[in-house]
Amino acid sequence: MKDIIRTFLRRPAGIVGLVLLGLVCLMAVVAPLVYPASPWEMTGIPFSRPGENGMLLGADTLGRDIASGIVHGARVSILIGLASTLTALCIGVLLGCISGYAGGAVDAVIVRFTEIFQTIPSFVLAILLVAILTPSIGTIILAIGLVSWPPLSRLTRAQVRTVAQREFVQAARCQGQSTLSVVVRHVLPNAISPIIVAGSLTVAAAILIEAGLSFMGLGDPNYMSWGYMIGSGRTVIRQAWWMSVFPGLAILLTVVAINLVGEALNDALNPRISRA
Amino acid sequence: MPIISSLLAKLTGIILTILVIATINFVLVHSAPGDPALVIAGQSGDTDVKFIEQVRTEYGLDQPYLVQLGTYLGKVVRFDLGYSYRQRRAVSDLILDRLGPTLLLTLTAFFLSLIGGVFFGAFAGLRHGKWSDLAISLVSLLLYATPVFWLGLMLVLIFSVQLEWLPAFGYANIRAASYSTFGYAMDVARHLILPAVTLSAIYMAVYTRLMRSSLIEISHEDHVRTARAKGLTEGRILRGHMLRNAAVPVVTFAGLQAGALIGGAVVVETVFSWPGLGRLTFDAVTARDYPVLLGLFLVMSVMVIAVNLLTDLLHRLIDPRVGAH
């Protein structure tokens with residue numbers, strides 16, 4: 001564990017990512033303290049420029065504070081990113097384990113199924129799911145989870161297949177341990193590190209999908225989100241650049257941070273696979 | 001006959017995929033809160049009782065689920081994608097009308113990102129460790145994390161609002177109908193630049209990273225060292241021994257990205273008011289026009305399958321080993 005942390009910290013990019021991500025998480029945590037009013041509340045004069053009327057990043061078309069929206073939006077992005085990745089991990093790891101460990105016809109069917117899901121345009125399916133099930137935090141998480149699992153399933157399958165061949169797994173099987181116990185206690189722990197890395201990158205992708213959904217008007221109407229802010233500022237971009245620029249920068253920085261952390265994690269957890 | 005059997009396998013795969021997608025549509029309609037007939041009718045405010053009844057009998061909604069699924073699949077096979085009650089037109093007509101602009105945009109972006117990615121990736125890979133490599137890597141890292149619709153807005157801000165070089169939205173000028181054929185094509189091309197660059201930029205970033213690492217890997221291989229030992233110039237080594245090999249994983253990956261590309265087209269067309277399937281998706285989302293959304297999902301999935309076949313072909317062209325076995 002110590003070695004892993006040391007390798008992680010040796011990469012400056014990883015530290016930059018971790019610091020950025022820490023800032024975003026801090027923003028999410030302190031949002032209600034810094035901006036106690038709801039980000040939907042019209043607190044200022046519409047179209048205030050950044051710095052005007054006591055608004056650090058300006059106001060939107062209805063006089064809502066952009067800075068407040070960004071701070072509160074961090075909560076939604078982080079929450080949806082993590083929860084939908086967890087959903088995707090549950091589906092992907094489960095299917096990947098079954099497919100990789102069972103082999104044979106079961107494997108063939110699951111692989112085919114995964115391939116089909118990988119062909120489907122995932123963002124369009126997410127749009128369809130959220131639109132039909134009506135937009136809410138729950139349906140957004142479900143939709144993003146449902147479209148994000150195929151790469152995780154493929155990776156888990158490949159990992160499980162290699163680990164299952166190893167002697168200690170065969171030894172456990174010879175001892176008469178149940179399949180479930182062999183998979184959960186011996187195979188998965190030794191197959192998990194690349195899956196963790198892929199999972200961290202899935203969080204970044206999920207945040208981008210969430211932004212796209214709320215940009216299309218499919219966000220939860222009760223929560224301020226960055227994608228929604230860009231979407232509502234889109235039509236007035238000629239007059240008011242700040243309404244779209246700042247939320248976009250927030251998404252960009254968050255996703256870069258997660259990707260940097262994911263890559264550093266990759267180097268730390270999979271020293272042999274990592275690129276030179 | 002390996003070719004025929006592989007073709008057959010491919011065809012079965014395609015049919016299977018389309019069936020699965022149609023089934024997803026069917027399940028979605030039935031898992032929606034409320035009456036499936038209302039979903040099919042597009043939940044229009046002025047719910048016409050007669051129309052709802054008509055939908056109910058047409059889709060056999062009083063029949064068992066399996067019969068209903070059969071009816072629905074039968075309709076899909078005949079390219080009957082339902083009727084948009086809001087736009088008062090058949091969904092298939094709406095989609096066919098918008099197909100051209102989307103194909104133009106996505107195919108341009110597809111090739112632009114492939115060519116750009118291979119070029120920049122090779123450039124960075126050859127200058128491994130130098131500042132130009134670092135700059136390209138940094139830019140691709142940032143682009144990879146950029147929401148595509150936001151990138152589009154930023155390009156509009158720079159190239160349309162500030163510099164006034166390129167049109168910010170639309171497919172052609174209002175007066176374009178009076179132009180000559182060449183003038184019209186040039187006008188559309190001018191309108192195409194920003195959306196195509198926006199849509200391709202992110203994939204270009206992905207392919208650049210991939211091409212770069214693949215080229216660096218290949219530069220250490222024996223056959224490249226042999227070529228260098230023979231005294232070939234660096235340019236010939238690159239063209240004759242490295243580029244093709246390094247581009248193989250890029251093309252494979254590009255095929256996998258086809259679905260994401262079409263998803264990206266949805267938001268890019270929304271930003272630029274590009275009159276394609278993406279814009280139609282946005283309008284259908286806004287109006288909660290479910291039959292159009294369901295039809296779009298099906299057609300876009302078929303487009304992804306087509307792009308997959310295209311990359312398969314490209315793959316065979318640049319890597320003869322693929323067709324051999």
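First the proteins, then the strands, lettered A, B, ... as listed; each starts at 1.
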Please tabulate, one pair per line, all N/O donor-acceptor pairs under 3.5 Å involving side-chain atoms of residues 232-240 of chain A, not counting sequence neighbours.
unit_1: A:S232; atom_1: OG; unit_2: A:Y228; atom_2: O; d: 3.3
unit_1: A:S232; atom_1: OG; unit_2: A:M229; atom_2: O; d: 3.2
unit_1: A:R234; atom_1: NH1; unit_2: B:T270; atom_2: O; d: 3.2

### Query
In Å, rounded to the nearest 0.5 Å, how long is the span from CG of A:L133 to CG of B:L28?
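Reported value, rounded in 0.5 Å steps: 6.5 Å.
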#### Entry: Separation of A:L128 CG from B:M300 CE (nearest 0.5 Å)
11.0 Å
Can I get a per-line list of side-chain donor-acceptor pairs under 3.5 Å for residues 13-25 of chain A, giving both atom names and the distance, sequence neighbours left out?
none

### Task
Measure across A:L208 and B:T146 and return the closest heavy-atom pair with its distance rounded to 0.1 Å.
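So the minimum-distance heavy-atom pair works out to CD2-C, 4.2 Å.
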### Message
Counting only non-hydrogen atoms closer than 4.5 Å, can you tell me which residues of residues 197-206 of chain A sit against chain B?
### Response
none
### Task
Give me the contact list for residues 105-118 of chain A versus chain B, heavy atoms only, anything under 4.5 Å, ordered by residue number.
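So the qualifying residues are A:R112, A:I116, A:F117.
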### Option in B:L16, B:T281, B:V156, B:I305 with maximal non-hydrogen atom pairs under 4.5 Å from chain A
B:L16
### Largest heavy-atom contact set with chain A, pairs under 4.5 Å, which of B:V148, B:V307, B:L296, B:V266
B:V266
Taking side chain as C-beta onward, heavy atoms only, is [X] less than 4.5 Å from [Y]?
X      : Y      : result
B:V304 : A:I120 : no
A:F215 : B:V271 : yes
B:W150 : A:L252 : yes
B:L153 : A:W241 : no

At a 4.5 Å cut-off on heavy atoms, which part of [X] comes close to chain A: side chain, backbone, both, or neither?
X      : value
B:V20  : side chain
B:F149 : side chain
B:M154 : side chain

#### Entry: Any donor-acceptor pair under 3.5 Å from B:Y144 side chain to A:V255 backbone
no
### Message
Taking side chain as everything from C-beta outward and backbone as N, CA, C, O, which of these in A:L249 sits under 4.5 Å from a heavy atom of chain B? Side chain, backbone, both or neither.
### Response
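For A:L249, heavy atoms of backbone and side chain both lie under 4.5 Å from chain B.
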